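Chain A is the first sequence line, chain B the second, and so forth, proteins listed ahead of strands; every chain is numbered from 1. A quick note: this is a predicted structure, and the numbers were derived from the prediction, not measured. Below, all heavy atoms of this structure are taken into account, side chains as well, without hydrogens, waters or symmetry copies.
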Amino acid sequence: MAKIPEKNYDPKNFEARIYGEWERSGCFHAEADPSKKPFAIVMPPPNITGQLHMGHALDQTLQDVLIRVKRLQGYSALWLPGTDHASIATEVRVAEDILVNEGKTKAELGRDEFLKRAWAWKDLYGGRITEQQRRLGTSCDWERERFTMDEGLNKAVVEQFVRLYEKNYIYKGNRMINWCPVCGTSLSDAEVEHEDREGRYWYFRYPAADGGEGIVVATSRPETMFGDTAIAVHPDDERYRGMIGKMVVLPIVGRRIPVIADPYPDPGKGTGAVKITPAHDPNDFEVGERHGLEQIVCIGPNAKMTAAAGKYEGMDRYDCRRAWVEELAAASGSGGGGYLVKEEKVNIPIGICYRCDTAVEPMVSEQWFVRMDELAKPAIDAAKDGRLTHVPERFEKIYLHWLEDIRDWCISRQLWGGHRIPAYYCDSCGEIIVARERPESCASCGASGLRQDEDVLDTWFSSALWPFSTLGWPENTPDLSYFYPTSVLVTGYDIIFFWVVRMVFSGLEAMGESPFRHVLVHGLVRAEDGVKMSKSLGNGVDPIDIIDRYGADALRFMLINGSAAGGDMRFSTDKIEAARNFANKLWNASRFIIMNTGSDKSVSGLTPGSAFGPEHDQASGYALCLENIPKHRLRDEDLWILKKISDAAIDITRNIESFDLSVATQKIYELVRNEYCDWYIEFVKPRLAGTDEDDKAVARSVLIAALSDLLRLLHPFMPFITEEIWSFMGKDGKLIVDRWPVALDRGEKSPSYVCDQDEDDEAVARAYAKIEMVKEIVRAVRNIRTEAGAAPSRALPITIKLDGDLGREQLDGAGALIGKLANVSKVTVTEDGAGVPDDAMSSILTRLAVYVAADDLLDYGAERERLGKEQSRLEGNIARLRGKLSNEGFTAKAPEHIVQAERDKLATEEDAYEKVVARLSDIADK
RNA sequence: GCGGGCAUAGCUCAGCUGGCUAGAGCACAUGGGUCACAACCAUGGGGUCUGGGGUUCAAGUCCCUAUGCCCGCACCA
């Protein structure tokens with residue numbers, strides 16, 4: 001006896017085992033292989049601090065589906081995994097850890113000791129997420145796993161930095177940056193989020209130096225007054241015209257500052273006069289540049305006030321704000337009363353650190369920057385001319401919009417964990433040397449003991465190199481030339497700016513080509529109630545919990561099936577259950593197939609293959625190339641299911657290749673559940689129980705051939721269950737490395753195309769139509785049965801009355817199928833109406849009518865109601881169709897096949913209408 | 001302020017380049033332990049596709065507009 005799957009579908013029994021088998025077999029590994037076409041995806045490297053969350057699960061599943069399909073299609077399909085050091089996130093976590101465990105701060109520990117702890121921490125936790133990825137079924141090439149801080153990548157980072165510096169794309173300068181006081185580092189613009197927070201405007205009077213009234217300005221940040229170096233007004237603002245060029249006095253501080261004219265102030269906002277603090281506001285910084293104003297830094301790096309704030313030195317910025325406002329309000333100004341004129345509550349838009357939610361402090365600071373204007377251009381062009389496409393398309397706009405007004409990228413971070421900036425300072429002569437290796441001595445003055453820059457690089461600087469650094473760059477390795485540019489990049493829309501944009505311009509700069517051809521963008525996975533999942537809300541659903549409960553296949557299927565590309569989706573228990581139930585259904589159906597075929601020697605001799613035959617040979621058609629089975633032995637239902645699968649396979653392949661994965665899953669679902677399980681298996685059951693051994697063998701063979709292709713189609717989405725079932729089918733080799741049912745990109749014809757040309761295909765088309773008719777009849781009988789309240793167990797006799805042009809032979813063999821599926825005791829077929837029972841329930845279908853006769857079941861009331869509905873439906877349709885067809889515009893302009901289809905439709909609807917009316921009058925007095 | 005998205009069955013959502021009698025899952029109703037499956041099977045009800053214009057022979061699908069939600073960028077006077 002062959003091995004049979006266990007009665008209950010329980011993914012825990014095999015998922016982990018199968019993953020282990022795959023991994024050991026080496027089938028995840030991809031090499032540069034000139035005999036195959038390359039397909040490559042680099043995995044967005046998760047943070048080593050991270051845990052797998054639903055967003056990852058979606059991201060991983062999308063990539064895994066694409067990789068598995070391409071692997072089955074015979075590509076050298078590389079999926080390159082890795083992890084990211086995520087400097088800020090990791091640094092904060094490790095620092096917390098040290099504080100808790102050792103009671104020491106980062107500073108107390110020192111840089112070297114801290115880094116040791118960080119590496120130890122990475123070794124301890126860095127592998128956790130990759131274990132979780134394995135649970136999901138991630139079929140990436142673990143042999144190539146990389147870490148953004150490993151040796152090769154360090155080299156790439158230094159190389160890129162030096163090259164960009166040498167081309168003058170990287171510079172060091174004193175510029176306005178965003179400072180996070182909690183993380184203790186500068187941030188790039190992309191790392192700052194914006195949020196409205198409750199704040200106020202305080203209106204303060206700055207008295208004129210000559211004793212006049214002076215000017216009132218509004219501010220939401222009074223503590224920056226210590227850094228004010230001017231008051232700006234618009235040159236056309238009548239109110240202040242007389243003040244321009246005069247001096248005002250900074251309240252209490254006493255410093256004199258000029259009133260300047262600049263186009264920046266908007267006369268309609270506030271008082272129309274703006275205090276200018278060049279060191280702490282980006283706009284003020286620019287005004288200051290234009291007017292040569294001094295920059296006075298009054299808030300220091302830890303958000304504490306500097307000496308510029310006088311007695312407030314050392315005080316927290318917000319404490320200072322409160323105290324300073326009080327002092328200003330209480331003070332007696334020159335005109336008597338306080339300097340505070342008024343105060344109003346208002347929502348202030350404020351910059352927030354994307355890591356810690358702290359309000360960032362804009363400040364002038366000396367940092368390293370990447371000059372963006374030149375670099376952005378090729379990245380813009382690549383998208384515009386189609387070398388880089390976004391799926392869905394709308395994300396291209398977002399990408400372009402960001403690049404088109406991009407500002408220079410601040411890349412230095414005041415942290416320890418990360419790639420240290422390869423810049424060396426000579427303290428003797430002040431020379432700055434940027435070099436691949438640490439120089440022994442100063443190139444300018446010869447002094448030794450150069451000091452390396454203390455700062456590290458933005459973690460995204462190394463991520464930006466990921467698509468080529470992981471393939472060996474800057475060496476020109478075989479992998480690099482074979483796999484670069486990669487095929488698709490899959491990521492969430494939330495990191496387009498951080499990552500995608502930077503990879504593209506970095507790749508174009510370093511390699512001359514966009515690092516990938518397509519960006520497949522997905523949305524967020526939200527909680528069941530539509531709220532964003534977040535740690536702080538604690539509403540996250542752990543993918544591992546879900547896998548434990550429902551299996552990875554169900555989770556994957558739900559994630560893909562859940563929503564269209566690019567949009568946010570909700571996690572849904574209902575959908576997870578539906579997916580698990582679907583897996584269960586497949587499991588049971590397969591169990592049935594295996595129980596009925598596995599133990600039979602004659603079947604194994606048939607070596608059932610794919611419905612598509614060997615070698616992906618589309619041109620030879622589908623069912624007719626089933627190996628070892630003479631085509632005349634295939635029955636109608638066999639041809640029907642094989643055509644169904646074949647047509648669907650082509651469709652599904654197209655959907656996958658255009659990244660419509662949710663559409664693809666929907667189609668597979670219907671194919672497996674509705675066509676294969678609900679109809680085909682039921683059609684075939686009597687044959688399996690029959691005595692015609694030859695026919696039994698054919699049925700078994702088709703069952704297996706069809707199931708094989710269904711498993712192939714479903715495998716990328718539900719890899720575990722399909723592989724497990726495959727293993728019960730006595731196949732050679734594993735499903736994961738078997739082959740895809742269709743290979744559209746080879747230019748094969750589709751079976752439906754063949755169908756029109758080939759004699760065999762006419763036979764298939766006839767069989768197909770017949771089975772569809774059988775389904776209609778069966779449904780009609782079941783409907784009547786339900787309506788009349790007949791027990792399902794009770795066999796009923798039926799009469800089928802055919803239309804004139806519908807020959808009796810077109811129902812040949814259908815009687816048995818109908819009999820079994822509709823539980824019919826006897827099928828009578830009549831062409832002229834003779835033999836139609838006088839008293840019967842009826843159903844009028846296209847080109848035939850079905851009568852179910854049983855005296856005790858007659859319910860003409862119900863039938864009248866049903867027919868009445870049918871009549872009005874048909875009336876509506878007929879009116880619509882007639883209107884359409886009598887419209888000359890339609891018949892003249894619409895494509896011929898559409899017009900013809902409408903004519904045919906009208907004919908059948910009119911026909912049905914007449915019959916319904918006739919039937920209604922027949923039963924009018926019953 | 002600039003830009004983008006969404007509005008379809010009670011709920012959650014599909015519906016590609018315009019050609020439907022608008023679909024699925026869940027929920028609901030009725031019947032059924034039928035020898036793969038109760039994580040099941042069968043049958044059924046349920047929608048003027050947000051409102052208003054327009055383009056077209058044809059609009060859920062394209063354009064404009066209104067309303068209501070959502071998001072990104074900018075904005076700390």
Side-chain angles (χ1 to χ4, degrees), chain A residues 5 7-9 189 194 196-197 199 201-203 217-221 224 232 265-266 268-275 280-283 346-351 359 362 392 394-395 397-398 401-402 405 493-494 496-497 523 528 530 550 561-564 566-570 572-575 577-596 654-655 658 660 662-663 666 669-670 677-678 681-682 685 689 779 782-787 789-793 823 873-874 876-877 880 884 887-895 897-899 901-902 905 909:
Chain A
K7 177 128 172 86
N8 294 313
Y9 165 63
D189 294 340
H194 295 272
D196 277 0
R197 290 201 178 168
Y201 287 153
W202 287 273
Y203 290 75
V217 299
T219 180
S220 63
R221 295 192 301 160
T224 65
D266 176 350
K269 276 186 176 174
T271 64
V274 186
K275 68 192 243 348
H280 292 289
D281 181 280
N283 293 306
V346 66
N347 281 331
I348 310 267
I350 199 168
R394 74 185 120 97
F395 288 102
K397 276 195 180 164
I398 294 174
H401 185 252
W402 202 73
D405 52 39
Y493 60 68
D494 50 335
I496 290 177
F497 303 143
E528 200 133 17
Y550 298 98
N561 192 39
S563 70
D568 289 355
M569 65 176 297
R570 295 190 191 203
S572 156
T573 308
D574 277 353
K575 280 187 200 158
E577 282 177 1
R580 189 271 319 267
N581 293 352
F582 174 54
N584 185 50
K585 182 78 181 174
L586 176 69
W587 181 262
N588 286 316
S590 303
R591 224 165 63 83
F592 174 78
I593 308 307
I594 291 159
M595 286 191 297
N596 278 280
R654 289 216 181 91
N655 291 140
S658 56
D660 290 322
S662 70
V663 178
Q666 195 54 44
Y669 181 92
E670 282 163 16
C677 293
D678 290 350
I681 291 180
E682 297 304 326
K685 275 179 180 172
R779 272 194 287 254
R782 284 172 177 170
N783 184 347
I784 290 172
R785 180 192 294 282
T786 302
E787 208 169 70
S793 53
N823 194 16
R873 197 200 57 138
L874 288 166
N877 281 346
R880 190 178 48 79
K884 212 171 184 180
N887 180 344
E888 278 181 37
F890 175 68
T891 47
K893 294 192 182 176
H897 72 276
I898 299 276
V899 177
E902 298 292 287
K905 221 183 282 171
E909 300 282 80

Donor-acceptor list for residues 579-593 of chain A side chains, cut-off 3.5 Å, not counting sequence neighbours:
residue	atom	partner	partner atom	Å
N581(A)	ND2	E577(A)	O	3.4
W587(A)	NE1	E6(A)	O	2.9
N588(A)	ND2	N584(A)	O	3.1
S590(A)	OG	L586(A)	O	2.7

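Taking the C1' atoms as reference points, rU30(B) lies 22 Å from rG47(B), given to the whole Å. rG3(B) sits 34 Å from rU48(B) when the C1' atoms are compared, rounded to a whole Å. Comparing the C1' positions of rG72(B) and rA29(B) gives an interatomic distance of 46 Å, to the nearest angstrom. The P atoms of rC16(B) and rC35(B) are separated by 42 Å, rounded to the nearest whole Å. Comparing the C1' positions of rA59(B) and rA22(B) gives an interatomic distance of 13 Å, to the nearest angstrom.
Note: CG (N588(A)) to P (rC37(B)) measures 7 Å, nearest angstrom. Look at CG on N823(A): it is 14 Å from P on rC35(B), rounded to the nearest Å. Between the P atom of rC41(B) and the CD1 atom of I681(A) lies a distance of 11 Å, rounded to the nearest Å. In this structure, OH of Y669(A) is placed 18 Å from P of rC13(B), rounded to the nearest angstrom. Counting to the nearest Å, the P atom of rA77(B) and the CH2 atom of W202(A) are 11 Å from each other. We find that CE of M569(A) is positioned 15 Å from C1' of rC26(B), with the value rounded to whole Å.
Qualifying salt bridge (charged side-chain N to carboxylate O under 4.0 Å, His left out) partners for R873(A), counting only residues two or more places apart in sequence or in other chains: E870(A). For N783(A), there are no side chain to side chain donor-acceptor pair (under 3.5 Å) partners, not counting sequence neighbours. The side-chain contact (heavy atoms from CB on, under 4.5 Å) search around D568(A) returns Y493(A), L524(A), R526(A), not counting sequence neighbours. Partners of R394(A) according to the salt bridge (charged side-chain N to carboxylate O under 4.0 Å, His left out) rule, which considers only residues two or more places apart in sequence or in another chain, do not exist here. For the side chain to side chain donor-acceptor pair (under 3.5 Å) test, no residue two or more places apart in sequence or in another chain qualifies with Y201(A). Every residue meeting the side-chain contact (heavy atoms from CB on, under 4.5 Å) condition with D196(A), not counting sequence neighbours, appears here in chain and number order: N347(A), P349(A). Among residues two or more places apart in sequence or in another chain, the salt bridge (charged side-chain N to carboxylate O under 4.0 Å, His left out) test is passed with E528(A) by none. Residues passing the salt bridge (charged side-chain N to carboxylate O under 4.0 Å, His left out) test with D189(A) are R407(A), sequence neighbours excluded.
Residue contacts shown for D281(A) are limited to sugar-phosphate atoms, with no base heavy atom under 4.0 Å away. A894(A) comes within contact range of at least one nucleobase, with a heavy-atom separation under 4.0 Å. Among the protein residues, D678(A) comes within range of the sugar-phosphate backbone only, with heavy atoms under 4.0 Å from sugar or phosphate atoms but none that close to a base. As judged by a 4.0 angstrom heavy-atom cut-off over every strand, F582(A) is placed among residues making no nucleic acid contact. At a threshold of 4.0 angstrom between heavy atoms, the contacts of R221(A) include nucleobase atoms, whether or not backbone atoms are also involved. Contact annotation for V274(A): base contact, defined as any heavy-atom pair under 4.0 Å involving a base atom. When heavy atoms are screened at a 4.0 angstrom cut-off, A589(A) is found touching base atoms of the nucleic acid. K905(A) comes within 4.0 angstrom of the backbone, heavy atoms only, and of no base.
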Report all interatomic pairs (protein N or O, nucleotide N or O of nucleotides 10-12 of chain B) with separations under 3.5 Å.
residue	atom	partner	partner atom	Å
rU12(B)	O3'	R570(A)	NE	3.3

Using nucleotides 44-48 of chain B, report all nitrogen or oxygen pairs with the protein that are shorter than 3.5 Å.
residue	atom	partner	partner atom	Å
rG44(B)	OP1	N783(A)	ND2	3.3

Below 3.5 Å between N/O atoms, which protein atoms pair up with nucleotides 67-75 of chain B? Just atom names and distances, please.
residue	atom	partner	partner atom	Å
rA74(B)	OP2	H194(A)	NE2	3.0

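Across all their heavy atoms, D678(A) and E682(A) have their closest contact at O-CG, 3.3 Å. Nearest heavy-atom pair, P792(A) versus N823(A), reported as atom, atom and distance to 0.1 Å: O-ND2, 2.8 Å. Taking each heavy atom of T271(A) and V217(A) in turn, the nearest pair found is OG1-CA, 3.7 Å.
Atoms CD and CG, on E909(A) and N877(A) in that order, are 5.0 Å from each other to the nearest 0.5 Å.
Nucleotide rG1(B): paired with rC73(B) (Watson-Crick or G-U wobble, both distances less than 3.5 Å). Nucleotide rA38(B) forms a pair with no other nucleotide shown, judged by Watson-Crick or G-U wobble geometry with both contacts under 3.5 Å. A 3.5 Å limit on both hydrogen-bonding distances identifies no Watson-Crick or G-U partner for rU56(B). Using N1 to N3 plus N6-O4 or O6-N4 for Watson-Crick, or N1-O2 and O6-N3 for G-U wobble, each under 3.5 Å, rG68(B) pairs with rC6(B). The nucleotide rG25(B) finds its pairing partner in rC11(B), both defining distances of the Watson-Crick or G-U wobble pair being shorter than 3.5 Å.
Within the structure, a side-chain polar atom (N or O) of R782(A) is placed less than 4.0 Å from OP1 or OP2 of rU43(B). At rG4(B), one or more side-chain N or O atoms of K397(A) fall inside 4.0 Å of OP1 or OP2 (strictly under the cut-off). Between N581(A) and the phosphate of rC40(B), there is a side-chain N or O to OP1/OP2 separation shorter than 4.0 Å. Phosphate proximity of rA58(B) to K884(A): absent, as no side-chain N or O sits under 4.0 Å from OP1 or OP2. Between K7(A) and the phosphate of rC37(B), there is a side-chain N or O to OP1/OP2 separation shorter than 4.0 Å.
With hydrogens and angles left out, the side chain of E902(A) and the base of rA58(B) share no donor-acceptor pair within 3.5 Å.
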